[in-house]
> 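Below are the structure tokens for one structure; questions will follow.
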Amino acid sequence: MHPDMKVELAGLALRSPLIVASGVLGSSTGLIKRVSENNSVGAVVTKTVTYNPRNGYENPTAVDLGFGFLNAMGLPNPGYLDYKNELAELRDKIEIPLIVSIGPSNSEEAAEMVKALNDVSDAFELNLSCPHTEKLGLEVGSDPEKVRSITASTRKYTSKPLFIKVSPNVTDVVEIARAAVEAGVDAITAINTLKSMAIDVNAMKPVLSNTYGGLSGRAIHPIAVRIVYELYEALEVPIVGCGGVYDWKDAIELILAGASAIQVGSAIAYSNDFKIFNDIEKGVNDYLVNKGFGSIKNIIGLAHKC
Amino acid sequence: MHPDMKVELAGLALRSPLIVASGVLGSSTGLIKRVSENNSVGAVVTKTVTYNPRNGYENPTAVDLGFGFLNAMGLPNPGYLDYKNELAELRDKIEIPLIVSIGPSNSEEAAEMVKALNDVSDAFELNLSCPHTEKLGLEVGSDPEKVRSITASTRKYTSKPLFIKVSPNVTDVVEIARAAVEAGVDAITAINTLKSMAIDVNAMKPVLSNTYGGLSGRAIHPIAVRIVYELYEALEVPIVGCGGVYDWKDAIELILAGASAIQVGSAIAYSNDFKIFNDIEKGVNDYLVNKGFGSIKNIIGLAHKC
Amino acid sequence: MFGKLHYYVEAEVVRNISETSRVNTLVLKLGQCMDIKPGQFLMVWRPSDGEIPITPSLTQEDTVCLTIEKVGFTSSRLAGLKAGEKIFLRGPYGNGFNLEYPGKYLLVGGGTGAASLTPAYLKLVEKGVQTLFLVGGRNSDNLVYVNKLRELKANIRIATDDGSLGFHGTLPEFFKEIIAESFFENVLTIGPEKMMVKIAEECHRNGIRCQVSLVRIVKCGIGFCGSCALDPVGLRVCVDGPVFNAEEILGTDFGAYMRNEAGRRVEVTL
Amino acid sequence: MFGKLHYYVEAEVVRNISETSRVNTLVLKLGQCMDIKPGQFLMVWRPSDGEIPITPSLTQEDTVCLTIEKVGFTSSRLAGLKAGEKIFLRGPYGNGFNLEYPGKYLLVGGGTGAASLTPAYLKLVEKGVQTLFLVGGRNSDNLVYVNKLRELKANIRIATDDGSLGFHGTLPEFFKEIIAESFFENVLTIGPEKMMVKIAEECHRNGIRCQVSLVRIVKCGIGFCGSCALDPVGLRVCVDGPVFNAEEILGTDFGAYMRNEAGRRVEVTL
Ligand SMILES: Cc1cc2nc3c(=O)[nH]c(=O)nc-3n(C[C@H](O)[C@H](O)[C@H](O)COP(=O)(O)OP(=O)(O)OC[C@H]3O[C@@H](n4cnc5c(N)ncnc54)[C@H](O)[C@@H]3O)c2cc1C
Ligand SMILES: Cc1cc2nc3c(=O)[nH]c(=O)nc-3n(C[C@H](O)[C@H](O)[C@H](O)COP(=O)(O)OP(=O)(O)OC[C@H]3O[C@@H](n4cnc5c(N)ncnc54)[C@H](O)[C@@H]3O)c2cc1C
Ligand SMILES: Cc1cc2nc3c(=O)[nH]c(=O)nc-3n(C[C@H](O)[C@H](O)[C@H](O)COP(=O)(O)O)c2cc1C
Ligand SMILES: Cc1cc2nc3c(=O)[nH]c(=O)nc-3n(C[C@H](O)[C@H](O)[C@H](O)COP(=O)(O)O)c2cc1C
Ligand code: FES
Ligand code: FES
């Protein structure tokens, strides 16, 4: 028996439920192409692209905690106009959906960006949830009204599937997600990183040049599971689970909580190939076989009490 | 050289900066007494006591994740009236400050509780931050106005040092803490647990009977460091750092971020004595010696950029 | 490296053996071997039925037996499981018995205690130590695990409150007689607390080293919720116990008070 | 068990050796030994000065040397540190050189490259492998680590662009002459990228196995930010490199394009 690993996600047909999370490939179209050649990968989200180019923060920008990571890259990217040209070249060279992550700071930027990027993307992921970037990300994404207006403006200019990526750094994530759903998003990606920091006890200073950064990896997985579960209870749109997926068990946990697909970010650290995706896919496959499920679709949200 | 480990905390004189966090000793006055006999312990916070007795949630109430723990005890406690009698008996038998944690759900409860408990406590910690208890905890603690009124009412009926314990599950923790400071708290304990959950992939069900629980331990330490740092930048009152302190480095990180004292919770899991406090104290002591500091007070908040 | 990501070991009920009208033994096949020392306990979970602490009555690689008395909701549900049903185990937790002390061992089991003492018995046999097993119950229909112990060639003596089998009287009464007959250096006991405290006091009077396995409300099982505390000494049953040298806890709340689920101090009734 | 809670290894500057007007070598004493393979790199941090990747020029238990060219803010600040000052190291990162290939090794170092190749040289000597070291610079005042290499008894040949010492011409020109004189099975090279690509092409034409150590903008150093990618092949310098077999990357952006800090594709100038 070979369980069906294909998923349908807001109109995107994915050969595998595993998606490369935004940011972990930087702006390298070469990395996108390389990872797209891995059969266990179902789609790729680009690095979040902003209206203007950004160098990002000075080093240090990353901390390895063992049980997770901190990063404060500061959304480095060449800006949407420049990146559009690179994506145009890439587009025909890859066989899986390309989800372009955009980080507008207001409705006007959102509109211009999607208009320009429509042709080079299969879907958009609206990132209003970066916890360590002024005026972008969380400053916008924690205010339901701003989320509603930016989402509406994005929706107006694209008919491509539209995802919103939500932050765990808010009192009520369902409220934010609901605002986005009402404004027209097709699916929700949960979660982005948690605002955190590290101090080196010998240097006696914050490690990150930006002081604050985002916590990702193993440490945030139980928070991701909770938020996916809450969103699944409250809303009707599909959910993409993201946060601390290192192995098949982590992925299954999020799917049972209600995720239709899974993003993998930090777990690619240190790996000089992308075998992690093959390992996770094999584990998920074996799990479905052992439990007698014919398709990954059969277990989505199964942990909800009835 | 023997660095000075004594701290002054909102009027409390502590022989050591290490405090036992609320909840990890349950309602056992025997455990409080036993831990108070450890010389490395500076003070003890009781289990949060509520107006009415509570049985707490059904088992399972705890999950060991390896990199942290989930719990959804549900604030089991005998209620403040019953517990008052036990504390009265205990009071003379211990030599270190006893900080009574109270979890009122409104101003009236707060007033009655402190009036009754004033005689049996050296200080109060107001817990409005439990992430998994309906009508208590976070439902109150995420609303600055409710925090303000409950704090004011508590303040009115006690002249004992008053701490508020804040939650990381809010968009703006500084706003909440500021409301409490304006209403008269003397110090802030940061942080309580993060709302999280775990699903067993074989059982295909949430593990905790309450579905949701609070994440504690290693995983939340970088979040605790961030919040202590933010509070130290924004407010003038002393801060008690809590969250994922397993060893001296974790403690030092919080102190450099701005904590005047440290609470230890989850790290007592599995240990059938309280040696963890001795280990942490020795590590902090050695650190001060190596870096040439005469007192723990000299390093509070030292990581703040100037 | 990063802890127990499966959280629980899955186990399948292979057989459900009715011991008495109130007690059943579940024979379980584990999805993964567990290394359990005699006297350690497991947290036994079934979704929607709850989770309770149980000291296994057999622990052999991937087979574990749980002997469960139906005292309330969860225990009754678990004791009623059928072959093929799944339950979930975490642990082992706690210290277990110390079987390194020299001399002969007298094992005293009341209720399901006889079952929970069996792994200790088997270990002692393996070590070539001389043992005697006292099993007690209200009447002959209330005796747990006696057939199993016979099968295992244990040296058993029985006491029933109504005299329907063996000694006529309680286990502590019988115990007194037995140790008058022949001296034992060590006693291990599991059973109702009122019974255990009497055994422990008797041991104290006679200079016998006595280990008791205590029951308190176990919630976390890992020592960080304080629910299982024995006051006023502040010992936690789940990590400092469940087995205690009786000498350490005589004169405490042992046999007299426990805390209920709300943490309130209440009298021990059984 | 739970990762690098110190985050960084603290190191104290023992000596600052001026190599040229633009290059200094820091001799560091580590608070903790690091096991660094030749060709692996460290992330070198000093609070408020920043953090940059450096391939050490000596790695001996608790002593590490960093040879740093002042090209911008952080490198200039680090290169100017005095004895007694503290810096912080994380790593080692990346793959390092493969020194298991049979045959003789020709090491080609431009700029600070000669220094960064020294641990590989020492390892080869230890293995009894025959080596020749080509060191190049604009003029005789620009040569880095030559005295150190002499001290280490390396077999050195020098090229200067202005002919002020050794061969008159560039390293790639000199390289051509050298391999015409005597064949080497292996080349290791670190230096300006335009130089390395010429060496690599020459090796390709002559059937020589060539390993190059690439520079891209390294931010995380651990492979999860994509900043250091070599396009269009999508290799990450920090985890797939920094050392690459030249054959694998000839025809890519190597020698032609890199990404700047914003991730924009820009021309390689040096
Ligand atoms: C270390 C240990 C080992 C045990 N081994 C066995 C065994 O091998 N066989 C067996 O039949 N029983 C054993 N018990 C007792 C068993 O755990 C309780 O009978 C069971 O928890 C009752 O749960 P319930 O939901 O069925 O009953 P409830 O209706 O919830 O409660 C009935 C009574 O059981 C006790 N109890 C309830 N919950 C707990 C709890 N979480 N922990 C401890 N006691 C509780 C209380 O005294 C309560 O009044 C052991 C207990 C401990 C602490
Ligand atoms: C694996 C590796 C090993 C290296 N080893 C050495 C060495 O042993 N000695 C040495 O002198 N230099 C080495 N470098 C180069 C060194 O890291 C850069 O010169 C340094 O980062 C410049 O930083 P800056 O702040 O001084 O200059 P900036 O003013 O920030 O930049 C000057 C130029 O340096 C490059 N650069 C800037 N930041 C980085 C970065 N984070 N990573 C890589 N390049 C950057 C860019 O091309 C930039 O245009 C190495 C680089 C890599 C990737
Ligand atoms: C280095 C790094 C860069 C990231 N950049 C982005 C980004 O540009 N846009 C975005 O939406 N999320 C970004 N993220 C967040 C991830 O996409 C993901 O939401 C988060 O890391 C949690 O998943 P993980 O635990 O699998 O890493 C970044 C994460 C990391 C580690
Ligand atoms: C089992 C358990 C019970 C807890 N009960 C309480 C409580 O009653 N009141 C409270 O304010 N915090 C309670 N907490 C939170 C801790 O006091 C502490 O804020 C949190 O666990 C983070 O610290 P740690 O990582 O050191 O455990 C509890 C934590 C645990 C693990
Ligand atoms: S059951 Fe939680 S401490 Fe023992
Ligand atoms: S520097 Fe981040 S991936 Fe290489």
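None of these values were measured; they are calculated from a predicted model. Numbered from 1 within each chain, the chains take letters A, B, ... in sequence-line order. Below, all heavy atoms of this structure are taken into account, side chains as well, without hydrogens, waters or symmetry copies.
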> Charged N to carboxylate O under 4.0 angstrom, A/D172 versus A/R178?
no
> Please determine, by modelled atom types, if B/K291 and A/N202 share a side-chain donor-acceptor pair under 3.5 angstrom.
yes
> Would you please go through residues 220-227 of chain A and name the residues with a non-hydrogen atom below 4.5 Å from one of chain B, in numerical order?
A/P222, A/I223, A/V225, A/R226
> Verify whether one side chain among A/T193 and A/S216 offers a donor that lies under 3.5 Å from an acceptor in the other.
no
> At a heavy-atom distance under 4.5 Å, which candidate from B/I255, B/N169, B/I252, B/V173 has the highest pair count against chain A?
B/N169
> Do B/S40 and B/N278 have side-chain atoms, one donor and one acceptor, less than 3.5 Å apart?
yes
> One pair to check against salt bridge (charged side-chain N to carboxylate O under 4.0 Å, His left out): A/D200 and A/K205. What are the steps and the verdict?
CA-CA 6 Å; A/D200 187 274; A/K205 288 287 170 210; over 6 Å; no
> Heavy-atom distance under 4.5 Å to chain A: side chain of B/L256, backbone, both or neither?
both
> Anything under 30° is parallel, anything over 60° is perpendicular, the rest tilted; go ahead and classify A/Y212 against B/Y229.
perpendicular
> Excluding sequence neighbours, so at least two apart, what forms side-chain contact (heavy atoms from CB on, under 4.5 Å) with A/T61?
A/Y57, A/N59, A/M73, D/K219
